[in-house]
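Whatever order the structure lists ligands and atoms in, that order sets their numbers, starting from 1.
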Amino acid sequence: MPMTAIVLAAGEGTRMKSAHPKVSHKLLDKPLVWWPVNAARQAGASRIVVVVGHGADEVRAIFANDVDVECVEQTERLGTGHAMMCVRDALGDFEGPTVVLYGDTPLMRAETISNLVEHTKAGHYACTVLTMSPADPTGYGRIKRDADGNVLAIVEHKDCTPEEQATLTECNSGIYCFCGSRLSANIDKIGNDNAQHEYYLTDMVGIYREMGEPVSALLASDDSELLGVNSRIQLAQVTKIMQRRINEGLMASGVTMLDPDQVWVGAEVTVGQDSELLPQTMLWGDTHIGRDCVIGPNTRLTDTTVSDGASVEETVALQATIEANVTVGPRAYLRPGAHLLEGAHVGTHVEIKNSTIGRGSKVPHLSYIGDTTMGEGVNIGAGSITCNYDGVFKHRTSIGDNVFVGSDTMMVAPVAIGDGALVGASSCITEDVPAGALAIERSEQVMIKGYATKRMARLKEQKAASEKERS
Ligand code: UD1
Ligand code: CA
């Protein structure tokens, strides 16, 4: 039977003090609710249902492109049991192992979910509850067991006697695996006769006990996986744990970090062996780094590919492609469509947008290159730019192979510079330059012998005279 995961994410999260739903807040580069959905996916869930409520549209939008995720809206928040009833009403009966996760509990590992499912299947349990023993159990539902250790019920903190609150320390994590068919057959037995007048999903355990259906509790091996996020302080704590988990995974696979506390790597980023990530580096989204690269310090790469042996220093890049042995920075800005071919160099205070920089070509200092196709072996002098925008339209610049562009050149697009051409420094190029030609656009230099010396003498005389007058 294929497994289903239901991620409860309808809550408001008032303690976030936010105009946005709690589960839309980011943990590294992904919204909180993305993490349990992804863990369920990795654990083999073929159907993933997210229960949305507060800020429903914003949460739905997160999964707009995920074909394996369905959202069900819970318009009234009448409790976790009610949330599951809404799913049943919207999608029909539960089938196969049905795992319940929380959208605000992002550290849950796929293997923990798999273990929970395997345990439930092996024991033919109607339900297995994942439990924990936190240092402070205040607020959590408590697990009641009989003298033989069998699970009797889950009692919410507010429904416990003071004695139960003090002695029952094993807590409900809120994560379960249910047998889908038995859950469908019995979920309507949940009532709301309790302290909060809510439909508690936890009541299923007691209901099954009375029916003689087998239920089980599995103590989680790593409590930190069950940490929930209710405030921005907890969001930062959970982020730190996830950052360490990801970075330790990378280091174990052969990536060097001078200080892993100062490196942030997103959920889907990959980094090749013997690459080094320096402090204040952030790698987000669909970013992939090859082998033997040096990235950072002070670098943020988003949806960017970097091939083997490249070095990217103090750079911000978005949707860029950096091929093997390219050097970038310090202080470069690569915008969408920047494609640096093998061995190219983009240096300091250089911005590249929607342009190909050919093999071994160099744009070393203070340049803007936009909407340009550049061949190989080109050298762009300091301060040279493409003028690609006329205020309304963007135009392309084409630069052939082995072109040498002198410093402070304006290339007013649309314009083409042929192979092997030479452009004199400080030219404003508005006409195409044929291959092999020299283009210079520059007024003649004027020379007046002795002028500077005479001028300085005159100014000094004036200064001396005015000081004399004042004294
Ligand atoms: C729940 C459990 C408690 C457990 C604790 C662990 C119940 C009745 N209690 O309590 O035993 O120890 O989790 O954290 O289940 N939600 C909805 N719709 C609703 C209500 C809640 O989607 O109508 C979502 C919330 O957004 C949240 C999760 O379910 O992500 C938990 O809900 P909450 O009401 O906070 O339950 P707890 O009081 O934490
Ligand atoms: Ca000029």
Side-chain angles (χ1 to χ4, degrees), residues 5-16 18 20-25 31-37 49-56 58-60 71-90 99-108 127 129-134 136-144 151 153-160 164-165 168-176 178 183 187 190-207 215 217 219-220 223-231 234-235 238:
I6 296 169
V7 181
L8 304 187
E12 180 174 359
T14 41
R15 277 180 279 163
M16 294 300 280
S18 174
H20 305 281
K22 173 165 77 176
V23 297
S24 72
H25 284 257
L32 278 174
V33 65
W34 180 89
W35 296 86
V37 164
V49 182
V50 179
V51 178
V52 299
H54 188 85
E58 216 172 313
V59 182
R60 264 183 222 281
C71 292
V72 166
E73 188 159 352
Q74 185 192 18
T75 44
E76 282 181 298
R77 254 73 70 204
L78 303 179
T80 47
H82 177 254
M84 293 293 283
M85 291 173 188
C86 289
V87 173
R88 191 269 323 268
D89 292 347
V99 174
V100 178
L101 303 168
Y102 286 173
D104 62 3
T105 306
L107 298 176
M108 178 57 47
C127 172
V129 185
L130 191 65
T131 66
M132 56 186 179
S133 293
D136 178 10
T138 307
Y140 289 113
R142 308 304 168 80
I143 309 296
K144 253 181 139 167
V151 181
I154 302 174
V155 188
E156 288 305 293
H157 179 89
K158 287 182 184 160
D159 298 304
C160 282
E164 285 173 330
Q165 284 180 359
L168 299 178
T169 52
E170 187 185 2
C171 295
N172 172 24
S173 69
I175 309 247
Y176 322 81
F178 287 96
L183 182 61
I187 192 168
I190 297 176
N192 65 349
D193 181 17
N194 53 51
Q196 303 183 88
H197 300 292
E198 280 185 5
Y199 294 87
Y200 291 164
L201 184 57
T202 49
D203 283 358
M204 283 316 301
V205 173
I207 290 166
V215 293
L219 190 67
D223 272 9
S224 77
E225 284 183 50
L226 303 170
L227 285 174
V229 173
N230 295 301
S231 66
Q234 288 171 336
L235 177 60
V238 159

Residue selection (non-hydrogen contact nearest atom 17 (C) of ligand 1) among Lys22, Gln74, Glu76, Glu156
Gln74
For atom 9 (N) of ligand 1, is the nearest protein heavy atom closer than 4.0 Å?
yes
Going by heavy atoms, is Gly53 under 4.0 Å from ligand 1?
no
Mind checking whether Ala9 contacts ligand 1 via backbone (N, CA, C, O), side chain (CB onward), both or neither, at a 4.0 Å heavy-atom cut-off?
backbone
For Ser173, state whether at least one heavy atom is located under 4.0 Å from any atom of ligand 1.
yes
Would Arg60 and Cys71 satisfy side chain to side chain contact (heavy atoms under 4.5 Å, CB included), going step by step from the backbone distance to the final call?
CA-CA 6 Å; Arg60 264 183 222 281; Cys71 292; 3.8 Å; yes
So, for atom 26 (O) of ligand 1, does the protein have a heavy atom nearer than 4.0 Å?
yes
Would you mind checking which non-hydrogen protein atom is closest to atom 14 (O) of ligand 1, with the distance to 0.1 Å?
Tyr102 CE1, 3.6 Å
So, for atom 38 (O) of ligand 1, does the protein have a heavy atom nearer than 4.0 Å?
no
Is there a heavy atom in Gly79 that sits closer than 4.0 Å to ligand 1?
yes
Exercise: do Tyr199 and Asp203 side chains pair donor with acceptor under 3.5 Å:
no
What protein heavy atom is closest to atom 24 (C) of ligand 1, reported as residue, atom name and distance in Å?
Leu8 CB, 3.7 Å
